[in-house]
Visitor: 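Let me give you the structure first, and then I'll get to my questions.
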2 protein chains.
Amino acid sequence: MAKKIELPEEIVETAKMAKALSHPVRVYILKKLSGFDACCYSGDLVDELPIGRSTLSQHLKELKYVGLIQGETEPPFIKYCLNNEKWTEAKKMFNQLFTEA
Amino acid sequence: MAKKIELPEEIVETAKMAKALSHPVRVYILKKLSGFDACCYSGDLVDELPIGRSTLSQHLKELKYVGLIQGETEPPFIKYCLNNEKWTEAKKMFNQLFTEA
DNA sequence: AAATCATTTCGTTTTTTTGCGAAATATAAA
DNA sequence: TTTATATTTCGCAAAAAAACGAAATGATTT
């Protein structure tokens with residue numbers, strides 16, 4: 001019987017990133033922000049998306065938490081932009097997953 | 001005020017695929033199966049992974065449900081393999097997401 | 001026919017996620 | 001200083017995901 005393994009950090013991290021992408025609203029936001037020099041405000045998004053303000057705020061918080069986006073306060077707005085380093089890191093993770101050994 | 005959109009099918013599908021990848025155990029399984037000509041049995045996995053049989057079975061079911069893997073019955077075992085078409089499709093989805101417009 | 005083996009399904013519990021509206025915060029304008 | 005605006009946090013409810021053990025299934029061997 002093979003030994004029970006601890007799941008490798010690499011795999012845990014990939015799953016974490018996938019979780020951040022596992023809701024359509026979050027994918028929508030990231031797609032929007034990953035365009036050239038694209039940033040946006042919470043208000044822009046809430047007008048487009050079929051969810052309430054507080055719900056949207058939760059999704060933004062999650063994306064901020066995993067580091068994929070960052071919010072720059074620009075009163076009275078908060079300008080959200082992609083964190084390009086993290087985005088690249090995520091891209092690499094998925095590339096590696098899909099590039100068979 | 002911009003119009004509330006229905007989330008595009010492409011985005012919903014990407015989120016669905018990401019959800020399938022949002023648990024470390026499922027990432028582990030897919031990584032294992034995506035090696036060259038790699039297949040395995042539930043029993044192999046349960047020996048390696050720190051979860052019970054029925055829990056593993058649930059994860060396999062989910063991966064089957066989204067079409068990423070398929071089980072070929074080979075009594076008294078069930079041989080699980082990657083569904084290569086779907087895997088390629090998933091790869092494309094993430095490629096598209098990460099390839100800015 | 002009974003026992004065995006690999007795996008799944010069922011029933012249940014716990015935890016996490018999603019969603020909302022109301023209230024709070026923080027800033028700017030009147 | 002009151003009012004308005006943009007956004008978040010809080011408190012809650014509903015839904016979904018994760019996990020387990022026990023029982024069921026389906027095929028094989030004794």
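In what follows, chains are A, B, ... by sequence order, proteins preceding strands, each numbered from 1. What you see is a predicted model, and the numbers here were worked out from it, not measured in a lab.
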Visitor: For nucleotides 19-24 of chain D, read 5' to 3', which letter fits each nucleotide if B means a protein heavy atom sits under 4.0 Å from the base, S means only the sugar-phosphate is that close, and - means neither?
Guide: SBBB--
Visitor: Between A/Lys19 and B/Lys19, is any pair of side-chain heavy atoms under 4.5 Å apart?
Guide: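 Heavy-atom side-chain distance check fails, nothing below 4.5 Å.
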Visitor: Can you tell me which residue pairs pass the disulfide bond (SG atoms under 2.5 Å apart) test with a partner in residues 4-36 of chain B, sequence neighbours excluded?
Guide: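 Qualifying pairs: none.
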Visitor: Can B/Lys32 and B/Glu48 be counted as an ion pair, charged N to O under 4.0 angstrom?
Guide: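 So B/Lys32 pairs with B/Glu48 through a salt bridge.
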Visitor: Using atom types as modelled and distance alone, determine if a side-chain donor or acceptor of A/Ser57 lies under 3.5 Å from a backbone N or O of A/Arg53.
Guide: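 A pair under 3.5 Å: no.
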Visitor: Using ring-ring contact (aromatic ring centres under 6.0 Å, His included) as the criterion, list what pairs up with A/Phe94, not counting sequence neighbours.
Guide: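 With neighbours one apart ignored, the set is B/Phe94, B/Phe98.
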Visitor: For B/Ile51, does its backbone N or O pair with a side-chain atom of B/Thr55 as donor and acceptor, under 3.5 Å?
Guide: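 Judged by distance alone, no pair lies under 3.5 Å.
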Visitor: Starting at the 5' end of DNA chain C, which residue's closest nucleotide do you reach first, B/Gly43 or A/Lys19?
Guide: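 By nearest-heavy-atom nucleotide position, the 5'-most residue is B/Gly43.
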Visitor: Using a 4.5 Å cut-off on heavy atoms from C-beta on, say whether the side chain of B/His59 contacts that of B/Lys64.
Guide: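 No, their side chains stay 4.5 Å or more apart.
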Visitor: Would you kindly give the CD-to-P distance between A/Glu72 and D/dT7, to the nearest whole Å?
Guide: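 So the CD-P distance, A/Glu72 to D/dT7, works out to 14 Å.
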Visitor: Would you be so kind as to tabulate the donor-acceptor pairs closer than 3.5 Å made by side chains of residues 77-86 of chain B, with sequence neighbours excluded?
Guide:
residue, atom, partner, partner atom, Å
B/Asn83, OD1, B/Glu85, N, 3.2
B/Asn83, OD1, B/Lys86, N, 3.4
B/Asn83, ND2, B/Gly67, O, 3.3
B/Lys86, NZ, B/Glu89, OE2, 3.4

Visitor: Rounded to the nearest 0.5 Å, how far does CD1 of A/Ile11 lie from CG of B/Leu21?
Guide: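 The distance works out to 11.5 Å.
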Visitor: Is B/Lys16 salt-bridged to B/Glu9, cutoff N-O under 4.0 Å?
Guide: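 Judged by the 4.0 Å cut-off on N to carboxylate O distance, B/Lys16 and B/Glu9 do not form a salt bridge.
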Visitor: Reading DNA chain C 5' to 3', which nucleotide is the first, and which the last, to come under 4.0 Å of any heavy atom in chain B?
Guide: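 Contact span on the strand: C/dA6 to C/dT9.
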Visitor: Would you mind reading off the distance between B/Tyr65 atom OH and D/dA16 atom P, rounded to a whole angstrom?
Guide: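 Going from B/Tyr65 (OH) to D/dA16 (P), I get 12 Å.
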Visitor: Give me the residues of residues 74-83 of chain B where at least one heavy atom lies under 4.0 Å from an atom of DNA chain C, by number, or none.
Guide: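 Correct list: B/Pro76, B/Phe77, B/Ile78, B/Tyr80.
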